[in-house]
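A short write-up of the structure that comes next.
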Protein chains: 2
Amino acid sequence: MRIGELARRTGVSIRSLRYYEEQNLLAPQRRPSGYREYEEGDVLVVRRIRTLIAAGLTTELIAQVLHCFRGDAETPEPTCAEMVTELATARESMAAKIEDLRSSQSLLDMIIDAAPKEADEVAV
Amino acid sequence: MRIGELARRTGVSIRSLRYYEEQNLLAPQRRPSGYREYEEGDVLVVRRIRTLIAAGLTTELIAQVLHCFRGDAETPEPTCAEMVTELATARESMAAKIEDLRSSQSLLDMIIDAAPKEADEVAV
DNA sequence: CTAAAGTCTGACGCCGATGTGAGAGTCAAG
DNA sequence: CTTGACTCTCACATCGGCGTCAGACTTTAG
């Protein structure tokens with residue numbers, strides 16, 4: 001199928017699909033005209049990509065781990081031990097971000113609570 | 001004091017101090033030479049700015065609410081009711097971000113857990 | 001054959017706070 | 001006076017995942 005159909009079927013913009021290719025997440029065939037030609041399996045691949053992006057992974061990291069999910073292979077590739085390591089690392093940094101946000105939020109709460117009464121001596 | 005000293009005393013880079021001025025968060029005097037001349041109170045102001053940035057506020061929003069904390073005024077300015085509204089809005093969006101990150105994290109957890117056994121049918 | 005719809009590459013814009021570097025003027029100590 | 005440290009003002013670069021426009025070509029329906 002061509003890029004427009006893939007976009008429709010996955011709900012992902014054409015621009016994004018081209019971007020994923022640029023990031024080596026997709027590698028569609030090319031027609032003589034230059035048009036990209038995707039296969040059925042790419043629908044699933046794109047969904048996986050979206051899932052991983054939604055999980056906060058960068059396309060760079062996804063490029064490294066995507067092959068572990070690829071194709072009809074029943075068992076993950078041997079490099080998938082590395083994958084788990086990578087993902088765990090990503091998870092760690094996400095946890096850190098959440099912690100940052102939490103403390104930021106409580107800080108903001110303190111400011112909000114303090115404001116109405118005495119706003120001149122806020123948490124410094 | 002000049003910018004270098006303020007940078008040292010606050011732990012904020014010179015670049016950032018100039019940026020804060022550009023964003024109307026600071027308004028140092030100028031020497032005939034063009035050198036910025038800060039006063040003691042600016043040390044505290046910079047710390048407040050850093051606190052608010054750490055709390056996830058943009059410099060634009062900080063510019064709107066910073067005067068509520070300013071100077072020796074015991075009571076906040078009348079516009080500080082608006083301030084609380086703004087801050088509350090900021091807090092909302094922060095809460096939303098935290099929620100996003102949480103769901104992303106659990107999604108990542110699912111992927112990690114699923115990987116070692118059957119990585120070909122991950123949450124799509 | 002023609003027009004409309006689809007696709008191509010390339011490239012700039014965005015957001016926000018900050019790093020970095022160039023080229024030039026300023027200040028303080030010897 | 002000289003040197004070295006400090007500061008000044010532009011202004012471009014960064015990060016990430018896209019949006020969007022321009023100009024040119026391809027495909028498809030009528």
Side-chain angles (χ1 to χ4, degrees), chain A residues 1-39 42 45-66 90 93-94 96-97 100-101 104, chain B residues 1-38 42 45-66 86 90 93-94 96-97 100-101 104:
Chain A
M1 78 196 83
R2 294 182 312 187
I3 199 169
E5 188 182 344
L6 183 59
R8 254 175 274 122
R9 290 179 56 184
T10 57
V12 173
S13 74
I14 290 177
R15 177 64 176 90
S16 293
L17 292 176
R18 289 202 264 247
Y19 176 67
Y20 297 157
E21 179 179 358
E22 191 183 314
Q23 301 299 307
N24 300 311
L25 305 184
L26 288 172
Q29 303 282 322
R30 292 297 185 126
R31 292 190 185 178
S33 64
Y35 278 27
R36 292 169 178 82
E37 185 69 35
Y38 297 91
E39 33 183 287
D42 287 329
V45 174
V46 170
R47 291 205 182 116
R48 282 173 184 159
I49 292 172
R50 297 259 50 174
T51 298
L52 294 170
I53 285 181
L57 304 192
T58 63
T59 53
E60 189 185 359
L61 181 53
I62 295 175
Q64 292 174 36
V65 303
L66 191 59
S93 67
M94 282 194 58
K97 279 183 191 171
D100 279 357
L101 273 180
S104 294
Chain B
M1 78 197 82
R2 294 183 312 188
I3 197 168
E5 188 183 343
L6 183 59
R8 252 175 277 121
R9 289 180 56 184
T10 58
V12 173
S13 74
I14 290 177
R15 176 65 176 89
S16 293
L17 292 177
R18 291 202 263 247
Y19 176 68
Y20 297 157
E21 180 179 358
E22 191 183 314
Q23 301 300 305
N24 300 310
L25 305 184
L26 288 173
Q29 303 284 321
R30 291 299 184 123
R31 291 190 185 178
S33 63
Y35 278 27
R36 292 169 178 82
E37 185 68 36
Y38 297 91
D42 288 330
V45 174
V46 170
R47 291 206 183 116
R48 283 173 183 159
I49 292 172
R50 296 260 48 173
T51 298
L52 293 170
I53 285 182
L57 305 192
T58 64
T59 53
E60 189 185 359
L61 181 53
I62 295 175
Q64 292 174 37
V65 303
L66 191 59
E86 301 273 15
S93 67
M94 283 193 57
K97 279 183 192 171
D100 280 356
L101 274 180
S104 294

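From a predicted model like this one, the values you see are computed outputs, not experimental measurements. Chain letters run A, B, ... following the sequence lines, proteins first and then strands; every chain starts at 1.
What separates CD of B:Glu22 from C1' of D:dC8 is a distance of 14 Å, to the nearest Å. Here D:dT27 presents its P atom at 16 Å from CD of A:Glu5, a figure rounded to the nearest Å. If you take CE of A:Met1 and C1' of D:dT28, they are 19 Å apart, rounded to a whole angstrom. Across the protein-nucleic acid pair, B:Leu17 atom CG and D:dC8 atom C1' stand 14 Å apart, rounded to whole Å. Put simply, CZ on A:Arg2 is 14 Å from P on C:dA5, counting in whole angstrom units. Here the P atom of nucleotide D:dG17 and the CD atom of A:Glu21 are 17 Å apart, to the nearest Å. Protein atom CZ of B:Arg31 is 13 Å distant from nucleotide atom P of C:dT26, rounded to whole Å.
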- Query: Can you give one letter per nucleotide of nucleotides 8-23 of chain C, 5' to 3': B if a protein heavy atom sits under 4.0 Å from the base, S if only from the sugar-phosphate, - if neither?
  - Reply: SB-B-----BBBB---
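Rounded to the nearest 0.5 angstrom, A:Gln64 CD and A:Asn24 CG are separated by 11.0 Å.
Scored by the side chain to side chain donor-acceptor pair (under 3.5 Å) test, A:Ser104 finds no partners at all (sequence neighbours excluded). Applying the salt bridge (charged side-chain N to carboxylate O under 4.0 Å, His left out) rule to A:Glu5 yields the partners A:Arg9; only residues at least two apart in sequence or on another chain are considered. Taking the side chain to side chain donor-acceptor pair (under 3.5 Å) definition, one finds that B:Thr58 meets it with nothing, sequence neighbours left out. Under the side chain to side chain donor-acceptor pair (under 3.5 Å) criterion, B:Arg50 pairs with no residue, sequence neighbours left out.
Annotation: salt bridge (Lys or Arg N to Asp or Glu O under 4.0 Å) contacts involving residues 23-32 of chain A, sequence neighbours excluded, comprise A:Glu21-A:Arg30, A:Arg31-A:Glu37.
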